Asker: 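Just passing along the structure, written as structure tokens.
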Amino acid sequence: YYVPVLFFILFPHTALLWHGLRNTLGRWRNDPLSLYLLLWFAVVFLVFSLATTKLPHYLLVGLTPLFLLMARQREHLHSPWLAAAPLILMACVAVLLPGYVAHAATTHAGNPYIEGLLSRGPMVFGQRYWITLTIEILSGLVLLLWWRRRHPQVWSLLVACGLLSNLLLWSLLLPAAAGLQQVPVMDAARMARAYGQPVVADNRMPSFAIYAGQPTQNRPPHAGDLVFLRAGHEHDLPPHDLIFNEGGLRLVRILPMASSP
């Protein structure tokens with residue numbers, strides 16, 4: 001589980017990780033510090049790999065020794081293309097993502113929630129997305145060329161790649177993901193908050209309770225209750241009125257004279 005997670009977390013410095021581990025493993029017998037750092041990471045990696053519950057951020061506990069190993073081996077990275085490959089890959093993902101979302105919306109027609117979530121693609125990946133992406137790609141190319149001329153060391157290119165990848169992530173990719181998934185949750189929570197009463201939900205989306213400013217109640221709904229749920233589960237409810245319908249999410253109100261199923 002944690003092998004692909006490791007490469008993703010260290011992005012865009014994955015190339016330096018490969019060189020650092022390869023060079024360190026070849027001479028750890030004569031380098032006590034490298035042996036200590038390897039053992040430090042290996043213990044964390046093995047413990048969380050054996051654990052029943054696995055979440056990506058658990059691995060952060062063991063990344064400090066990897067950072068130190070990578071820093072000690074930075075001079076061994078000689079290919080500028082390898083150093084820039086993760087950033088190029090991220091830019092390709094940003095270019096292809098709108099098309100993938102549009103295609104996935106048609107292939108998940110049997111899942112009302114996924115279909116509704118992905119149907120927000122044209123709204124999220126509009127003109128502003130493409131203008132921002134074009135500006136960032138062109139300015140990134142200029143920055144990389146300038147950086148290479150000022151700093152000929154290959155490892156220093158990772159600094160520029162790190163800055164550009166963070167810019168692409170925080171200004172484009174994460175807002176797009178939030179636009180697809182979290183904006184409907186926020187809108188539903190805002191509407192529920194206006195009613196000023198508890199909301200029944202199955203707690204699969206805990207962010208709803210944060211946005212609503214109150215905990216949700218995980219119980220069968222009663223007459224007059226507000227219910228927050230994913231699309232496709234309305235048939236499990238008593239007679240109700242639809243209050244909110246966006247992004248594959250529903251906010252309904254059980255009719256006053258309805259009873260629990």
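For this chain, numbers begin at 1 and follow the sequence in order. Only heavy atoms go into these numbers, but all of them, side chains included; no hydrogens, no water, no symmetry mates. Note that the structure is a prediction, hence the values are computed from the model and not measured.
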Asker: Within this structure, what is the CZ-CG distance for the pair Arg250 and Asn245, rounded to the nearest 0.5 Å?
Answerer: 3.5 Å
Asker: Decide yes or no for Leu10 and Leu16: does some side-chain heavy atom of the first lie under 4.5 Å from some side-chain heavy atom of the second?
Answerer: no
Asker: Can you tell me how far CG of Leu168 sits from CG of Leu164, rounded to the nearest 0.5 angstrom?
Answerer: 8.5 Å
Asker: Please verify the inter-ring angle class for Phe228 with Phe208; under 30° counts as parallel, over 60° as perpendicular, anything in between as tilted.
Answerer: parallel
Asker: Rounded at 0.5 Å granularity, tell me how far CZ in Phe41 sits from CG in Leu59.
Answerer: 5.5 Å
Asker: Would you call Pro98 and Trp130 a side-chain contact if the rule is heavy atoms closer than 4.5 Å?
Answerer: yes
Asker: If you take all heavy atoms of Tyr2 and Leu55, which pair is closest and at what distance?
Answerer: OH-O, 3.1 Å
Asker: What closest approach, in Å, do Gly121 and Leu180 show between heavy atoms, and which atom pair accounts for it?
Answerer: N-CD2, 3.9 Å
Asker: Between Leu163 and Val93, is there a shared hydrophobic cluster once you connect ILVMFWY residues whose side-chain heavy atoms come closer than 4.5 Å?
Answerer: no
Asker: Same hydrophobic cluster for Leu169 and Val101, using side-chain heavy-atom links shorter than 4.5 Å among ILVMFWY?
Answerer: yes
Asker: Going by heavy atoms in the side chains, are Ile137 and Leu133 under 4.5 Å from each other?
Answerer: yes
Asker: Within the structure provided, determine whether Phe8 and Pro4 are in side-chain contact (heavy-atom separation under 4.5 Å).
Answerer: no
Asker: Please test Val3 against Phe45 for side-chain contact (heavy atoms from CB on, under 4.5 Å), starting from the C-alpha separation and ending with a verdict.
Answerer: CA-CA 9 Å; Val3 172; Phe45 187 88; 3.9 Å; yes
Asker: Looking at Gly232, is its backbone amide N or carbonyl O close enough to the side chain of Glu234 to form a donor-acceptor pair, meaning the two atoms are under 3.5 Å apart?
Answerer: yes
Asker: Within the 4.5 Å heavy-atom criterion, are Val199 and Gln217 side-chain neighbours or not?
Answerer: no
Asker: Counting heavy atoms not belonging to Arg149, are there more than 12 under 6.0 Å from its CZ?
Answerer: no
Asker: Check whether Val43 and Tyr1 end up in the same hydrophobic cluster, where Ile, Leu, Val, Met, Phe, Trp and Tyr are linked by side-chain heavy atoms less than 4.5 Å apart.
Answerer: no
Asker: Give me the atom names and distance for the closest heavy-atom approach of Leu226 to Pro198.
Answerer: CB-O, 4.1 Å
Asker: Do any N or O atoms from the side chain of Ser156 and from the backbone of His151 form a donor-acceptor pair under 3.5 angstrom?
Answerer: yes
Asker: Assign the ring pair Tyr129 / Phe125 to parallel, tilted or perpendicular, where the plane angle (0 to 90°) is split at 30° and 60°.
Answerer: perpendicular
Asker: Hey, are the side chains of Glu246 and Met191 touching, using non-hydrogen atoms and a 4.5 Å cut-off?
Answerer: no
Asker: Search all heavy atoms of Pro184 against all heavy atoms of Gly179 and return the closest pair with its distance.
Answerer: CD-O, 3.9 Å
Asker: Taking the side chain as C-beta and beyond, is there a heavy-atom pair between Val5 and Lys54 under 4.5 Å?
Answerer: no
Asker: I'd like to check Arg148 versus Pro80 (side-chain heavy atoms, cut-off strictly below 4.5 Å). Are they in contact?
Answerer: yes
Asker: Rounded at 0.5 Å granularity, tell me how far CG in Leu6 sits from CZ in Phe11.
Answerer: 13.5 Å
Asker: Would you give the length of the straight line joining atom CG of Asp241 to atom CG of Leu255, rounded to the nearest 0.5 angstrom?
Answerer: 4.5 Å
Asker: Checking side chain to side chain contact (heavy atoms under 4.5 Å, CB included) against Met205, which of Val185, Thr216, Leu229, Ile210 comes through?
Answerer: Val185
Asker: Strictly distance-based, threshold 3.5 Å: is any side-chain N or O of Arg120 a donor or acceptor partner for the main-chain N or O of Gln181?
Answerer: no
Asker: Which is it for Arg72 and Leu33 under the side-chain contact (heavy atoms from CB on, under 4.5 Å) test, yes or no, and what are the steps along the way?
Answerer: CA-CA 11 Å; Arg72 298 183 75 210; Leu33 177 57; 3.8 Å; yes
Asker: Should Ile135 and Leu138 be regarded as members of a common hydrophobic cluster, given that ILVMFWY residues are connected when their side-chain heavy atoms come within less than 4.5 Å of each other, either directly or indirectly?
Answerer: no
Asker: Tell me if a side-chain donor or acceptor on Glu136 pairs with a main-chain N or O of Ala91 at a distance below 3.5 Å.
Answerer: no
Asker: If you look at every heavy atom in Arg219 and Asp225, which pair is closest and at what distance?
Answerer: NH1-OD2, 2.8 Å
Asker: Is there a side-chain contact (heavy atoms from CB on, under 4.5 Å) between Val252 and Phe244 once you walk through the steps?
Answerer: CA-CA 7 Å; Val252 304; Phe244 176 88; over 6 Å; no
Asker: State, to 0.1 Å, how close Leu144 and Cys161 come at their nearest heavy-atom pair, and which atoms those are.
Answerer: CD2-SG, 4.2 Å
Asker: Quick check for you: to the nearest 0.5 Å, what is the distance between Ser165 atom OG and Ile88 atom CD1?
Answerer: 12.5 Å
Asker: Is there a path of hydrophobic side-chain contacts, each under 4.5 Å between heavy atoms of I/L/V/M/F/W/Y residues, joining Leu174 to Tyr211?
Answerer: yes
